[in-house]
Amino acid sequence: MIDTDTLRAKARGALDRCGVKDYDGDALSARSPVTGEDLFGIGGSGDVERAVAQARAAFLQWRATPAPVRGHLVKRLGELIHEHREDLADLVSIEAGKIRSEALGEVQEMIDVCEFALGLSRQLYGRTMPSERPGHRLMETWHPLGVVGVISAFNFPVAVWSWNTAIALTCGDTVVWKPSEQTPLTALACSALLDRAVAETGAPAGLHQLLLGGPEVGERLVDSPDVALISATGSTRMGRAVGPRVAARFGRSILELGGNNAAVVTASADLDLTVNAVVFAAAGTAGQRCTTMRRLIVHEDVADELIDRIAAAYRRLPVGDPFDGKTLVGPLINEAAHGRMRASLSQAAAEGGELLAGGERELVPDAPGAFYVRPALVRMPAQSTIVKEETFAPILYALTYSDLDEAIALHNDVPQGLSSAIFTRDQREAERFLSSDGSDCGIVNVNAGTSGAEIGGAFGGEKETGGGRESGSDAWRSYMRRSTSTVSYSEHLVLAQDVSFL
Ligand code: UN1
């Protein structure tokens with residue numbers, strides 16, 4: 001088991017190489033879930049008014065910079081992230097507890113979205129549409145929106161920032177970032193790399209501001225009238241507080257909140273593929289992705305076999321130090337997360353659930369302050385109260401069904417609507433799940449798990465997940481304002497709808 005001194009030295013080395021300076025202080029404490037111990041104190045910068053004012057000043061310059069020129073900034077950022085990918089992955093493992101491959105995967109998402117944003121910088125397409133009036137042209141143009149406030153969570157400490165920041169900067173916006181208090185080091189590193197890209201490409205200084213601090217800092221950002229858009233990732237509880245506050249001042253928000261993602265496994269499914277996909281989606285990242293698979297809705301003909309095979313895989317999963325190359329499941333973020341996992345497992349038992357594998361804490365002598373758990377598989381008699389809740393820990397509830405309509409009804413009968421999957425070899429079943437009366441989620445996969453989306457698609461979900469879309473496809477439109485313009489080249493005044501006047 002790696003020790004805290006080694007983690008500390010790795011963290012300091014990575015920060016230095018990424019160009020982070022003068023970070024020691026006592027505003028908040030960097031901590032690693034790997035050993036559960038504090039690393040060192042760091043200085044905060046929680047002056048929201050100052051950060052927003054600087055970002056606003058930079059916006060006035062940045063919005064007038066041609067979009068393809070703005071693209072040079074995200075191109076350089078992607079190169080710097082690529083150069084420092086090992087350092088950034090180390091910091092992600094140190095602060096979020098991710099295994100190497102997943103930490104590198106998260107860093108890869110940053111590089112990917114920078115590449116996407118570079119291409120986008122020449123494709124912020126407006127439309128022209130035929131005018132009903134002779135001698136007139138009708139068109140739409142997309143303009144930069146303003147300052148974007150990004151509030152991100154511990155579990156994807158860098159990827160979610162990059163989805164928002166690379167797109168927002170390309171769209172001509174400037175960014176104020178409030179990362180999770182659990183992950184200040186990854187934030188300092190990303191911020192330093194972006195500052196370097198800004199300096200090297202001649203972009204306005206101040207276009208990216210980092211705020212380190214507690215929830216009160218996030219609240220002041222949310223309420224700031226000069227922040228045009230708040231993009232917030234976190235719990236539904238957080239979104240319920242943020243959404244109405246931003247709406248009350250007529251600001252815009254993109255909310256990416258809780259998921260309660262399920263897979264429907266039909267009788268024709270390829271079970272080998274299904275077992276692998278389910279185990280990654282449900283147990284990977286120690287169940288701490290918003291896209292983690294939390295429910296399995298299996299056809300009764302294959303339920304026993306599939307559930308047995310998943311239980312067997314769960315018993316064998318290497319849980320432990322994420323710096324050990326053999327580990328597949330790292331730690332939970334903290335003791336509170338473990339407490340919530342225990343409470344949900346007790347409630348599941350009270351609701352008639354049978355724990356088939358996992359659930360127990362591991363590595364207590366090696367890392368007494370850390371919270372390692374074996375992912376839990378619980379067979380439930382029905383989709384009871386606890387199954388409808390998101391517990392941010394590796395618990396997979398298994399339910400059975402006998403016909404597809406019933407499975408889809410169960411699937412959709414939860415408050416959340418982020419990601420979903422069907423495992424089937426029957427095209428009719430797959431198409432039904434993808435159709436308008438199939439899955440009600442923002443992400444709907446066939447023979448692929450619920451987690452691990454590529455950045456090229458729009459990412460987000462419906463219902464209590466918040467409705468926002470980030471990252472690829474046309475999610476950029478939320479970061480811009482649309483102007484609709486009519487240009488007359490007629491010598492006469494021609495009114496729409498054939499109105500005559502004068
Ligand atoms: C999250 O958990 O907040 O699709 C984001 C995935 C990742 C992103 C997850 N690309 O699982």
Side-chain angles (χ1 to χ4, degrees), residues 81 88-89 92 95-99 101-116 150-167 177-180 182-183 186-187 231-239 242 254-263 277-294 328-330 332-333 337 390-394 396 416-421 439 441-446 448-462 464-473 475:
I81 292 171
L88 291 166
V92 169
E95 283 193 315
K98 289 194 189 188
I99 61 168
S101 163
E102 292 196 49
L104 280 168
E106 179 168 358
V107 175
Q108 188 59 44
E109 281 198 43
M110 296 206 279
I111 299 165
D112 293 345
V113 82
C114 287
E115 289 177 356
F116 178 91
V150 177
I151 298 176
S152 59
F154 80 85
N155 68 322
F156 270 83
V158 295
V160 171
W161 165 75
S162 73
W163 301 347
N164 283 284
T165 302
I167 303 292
W177 182 20
K178 158 68 179 77
S180 160
Q182 325 268 9
T183 54
T186 46
S231 178
T233 301
S235 65
T236 295
R237 200 167 59 94
M238 179 274 283
V242 168
I254 297 177
L255 299 177
E256 208 265 276
L257 312 174
N260 192 351
N261 319 296
V278 169
V279 173
F280 170 67
T285 335
Q288 299 172 111
R289 289 193 191 213
C290 54
T291 49
T292 289
M293 190 185 293
R294 311 204 178 278
L328 293 180
V329 180
L332 292 178
I333 189 71
E390 179 192 46
T391 304
F392 219 61
L396 180 63
Q416 310 84 353
L418 179 55
S419 185
S420 58
S439 163
C441 290
I443 298 171
V444 191
N445 296 336
V446 176
T450 53
S451 67
E454 302 175 18
I455 59 91
F459 184 93
E462 306 302 336
E464 287 190 1
T465 303
R469 292 295 186 277
E470 294 170 28
S471 193
S473 184

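As a basis for the values below, the full set of heavy atoms in this structure was taken, side chains included, without hydrogen atoms, waters or symmetry mates. Just follow the structure's listing: the first ligand is 1, and inside any ligand the first atom is 1. Everything numeric in this text was worked out from a predicted model, so none of it was measured.
Near N155, meaning under 4.0 Å from any of its heavy atoms, are these atoms of ligand 1: 1 (C), 2 (O), 3 (O). The atoms of ligand 1 that sit less than 4.0 Å from any heavy atom of S451 are 11 (O). Close contacts of ligand 1 with W163, meaning ligand atoms under 4.0 Å from a residue heavy atom, involve 5 (C), 8 (C). Near G452, with a cut-off below 4.0 Å to any heavy atom, the atoms of ligand 1 are 4 (O), 6 (C), 11 (O). Interface atoms of ligand 1 facing T291, defined by a heavy-atom separation under 4.0 Å, are 4 (O), 6 (C), 11 (O). The contact set between ligand 1 and E256, taken as ligand atoms under 4.0 Å from a residue heavy atom, comprises 3 (O). Using a 4.0 Å cut-off to heavy atoms of A453, the atoms of ligand 1 that qualify are 4 (O), 6 (C), 10 (N).
Remark: the backbone N or O of A159 is paired with a side-chain donor or acceptor of E106 at under 3.5 angstrom. K98 places no side-chain N or O within donor-acceptor distance of the main-chain N or O of A286, the cut-off being under 3.5 Å. Counting only distance, with no hydrogens or angles, the side chain of E95 and the backbone of T186 share a donor-acceptor pair below 3.5 Å.
Between T233 and ligand 1, no N or O atom pair is found at a separation short of 3.5 Å. For the pair C290 and ligand 1, the shortest N or O to N or O distance falls below 3.5 Å. Considering backbone and side-chain atoms alike, V160 places every N or O at 3.5 Å or more from each N or O of ligand 1. Distances between N or O atoms of R289 and those of ligand 1 include at least one value under 3.5 Å.
The side-chain heavy atoms of F392 and N155, taken from C-beta on, include a pair separated by under 4.5 Å.
One finds a salt bridge joining R469 and E462 here, because a Lys/Arg side-chain nitrogen approaches an Asp/Glu carboxylate oxygen to under 4.0 Å.
Put simply, the residue from P157, P179, S162 that forms a side-chain contact (heavy atoms from CB on, under 4.5 Å) with S152 is P179. Tested against S231 for a side-chain contact (heavy atoms from CB on, under 4.5 Å), the candidates I167, N164, V160, I151 yield a single pass: N164.
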I443 and T450: side-chain contact (heavy atoms from CB on, under 4.5 Å), yes or no, with the steps?
CA-CA 8 Å; I443 298 171; T450 53; over 6 Å; no
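The aromatic rings of F459 and W163 lie tilted to each other, with the angle between the two planes from 30° to 60°.
In terms of protein heavy-atom proximity, atom 9 (C) of ligand 1 is closest to F156 CE1, 3.5 Å.
When the heavy atoms of Q108, E109, E454 are ranked by distance to atom 7 (C) of ligand 1, first place goes to E109.
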